[in-house]
Amino acid sequence: MKKILVTGALGQIGSELVPALRQRYGDAQVIASDIRMPPADAGREEPAFEFIDCTRQSPLRSVVHKHEIDTIFHLAALLSAVAEEKPHVAWDVNMGGLYRVLEVARESGCAVFFPSSIGAFGPTTPKRGTPQDTLQRPTTMYGVTKAAGELLCDYYFQRFGIDTRGVRFPGLISYQAPPGGGTTDYAVEIFYAALRHGRYTCFLGPDTRLDMMYMPDALRAVVGLMEADPGRLVHRNSFNVTAMSVTPEEIAAEIRRHLPGFAIDYDVDPVRQAIADSWPDAIDDRAAAEEWGWAATFDLAEMTADMLAKLGPRLGADR
Ligand code: NAD
Ligand code: AKB
């Protein structure tokens, strides 16, 4: 039976991955952790939570021993836009945290899931049909830590036999928790703004094309890869995965099919636009399909319909 630790569990992915893992493996099998404490809202009890700063090895080690953890889903990180504001902190958290997680995994024999990103690519990477194995010269601190993290995970597998696995996620779209300060956050904000105000001012230009994925597909990717037969995995770390390649104009047009009055305008943030321009337009995820059966289920139309249907009542309930 798996015993799982999730770091960065209160973020956009963790707040949905933890319940999904608990549903699959049992509540007692999944320990959530973060450098923040869970919100103290009545009626929502966190069954198993540990406060962990992932840059500190001894608390990590103690929690892994205390709960006899055998698998770590290491989500704690600073995202691309925040990392450009605080590059030194991003290096400490993204690289220092991963290194310490891998060291504890080496000591205890844990498997590790590490999410890389389309941010691990750079302006010299082929932009369309970006191959699984290709040129990676990222020009952001986030991308530097993701590309180095992919290599470090490969190293721990090859040198120490640690079962490291990972995907390169595109921008993730979800309605449970807000995004944490990335370049693709607009693709979540646009739905909140559409439902609350009927309009949205986008910080990326109208034709900025990036890969995106709806959260249910992202959760399936994590579980699918971690449960895959290791004998079939050629790449192990940093599999390209995607579900759609879209622009702000295209998402806005799809929202308008449900909310005809929705309006979008643009106030481009040069920092986030430069980051987006350095990333691919559309990545090729055939290696993930061939090696562990990956296939996305939500396209732009299906994701938009589901987002609006699920988010609407939640925002209504908040008001
Ligand atoms: P997020 O910013 O929403 O959450 C990150 C969490 O890490 C936060 O809850 C934060 O409190 C926690 N954290 C920060 N510093 C910490 C520390 N020192 N110790 C412990 N916890 C700390 O991020 P997310 O969107 O949930 O992303 C999770 C992972 O997936 C990250 O590695 C991110 O790079 C990667 N990823 C995310 C996306 C996306 O679109 N969300 C896309 C590609 C890759
Ligand atoms: C970000 O924009 O930083 C993340 C990512 C694609 O890695 N959403």
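Whatever order the structure lists them in is the order used to number ligands and atoms, beginning at 1.
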Parallel, tilted or perpendicular for Phe73 and Phe113, by the 30°/60° rule?
tilted

Check the orientation of Phe239 and His235. Use parallel for under 30°, tilted for 30 to 60°, and perpendicular for over 60°.
perpendicular

NZ/NE/NH1/NH2 to OD/OE distance under 4.0 Å, Glu290 and Arg232
no

Give me the ring orientation class for Tyr142 and Trp279: parallel if the planes are under 30° apart, tilted from 30 to 60°, perpendicular past 60°.
tilted

Please say whether the positively charged group of Arg256, taken as NZ for Lys or CZ for Arg, lies over the ring of Phe262, i.e. under 6.0 angstrom from the six-membered ring centre and within 45 degrees of the axis.
no

Apply side-chain contact (heavy atoms from CB on, under 4.5 Å) to Arg137 and list each qualifying residue two or more places apart in sequence or on a separate chain.
Thr124, Leu135

For a quick check: using heavy atoms under 4.0 Å, what are the residues in contact with ligand 2, sorted by chain and number?
Leu79, Ser80, Ser117, Ile118, Tyr142, Pro170, Gly171, Gly182, Thr183, Thr184, Trp279

Identify every side-chain donor-acceptor pair in residues 302-312 under 3.5 Å, counting partners at least two apart or on other chains, and give the distances.
{"residue": "Glu302", "atom": "OE1", "partner": "Asp299", "partner atom": "N", "Å": "3.1"}
{"residue": "Thr304", "atom": "OG1", "partner": "Leu300", "partner atom": "O", "Å": "2.7"}
{"residue": "Asp306", "atom": "OD1", "partner": "Lys310", "partner atom": "NZ", "Å": "3.0"}
{"residue": "Asp306", "atom": "OD2", "partner": "Tyr214", "partner atom": "OH", "Å": "2.8"}
{"residue": "Asp306", "atom": "OD2", "partner": "Lys310", "partner atom": "NZ", "Å": "3.0"}

Carboxylate-amine/guanidinium contact Glu103 Arg100, below 4.0 Å
no

Per the under 4.0 Å non-hydrogen criterion, ligand 1 touches Gly8, Leu10, Gly11, Gln12, Ile13, Asp34, Ile35, Arg36, Ile52, Asp53, Cys54, Leu75, Ala76, Ala77, Leu79, Val93, Pro115, Ser116, Ser117, Tyr142, Lys146, Phe169, Pro170, Gly171, Leu172, Gly180

More than 12 non-hydrogen atoms from neighbouring residues, nucleotides or ligands closer than 6.0 Å to OH on Tyr192, yes or no?
yes

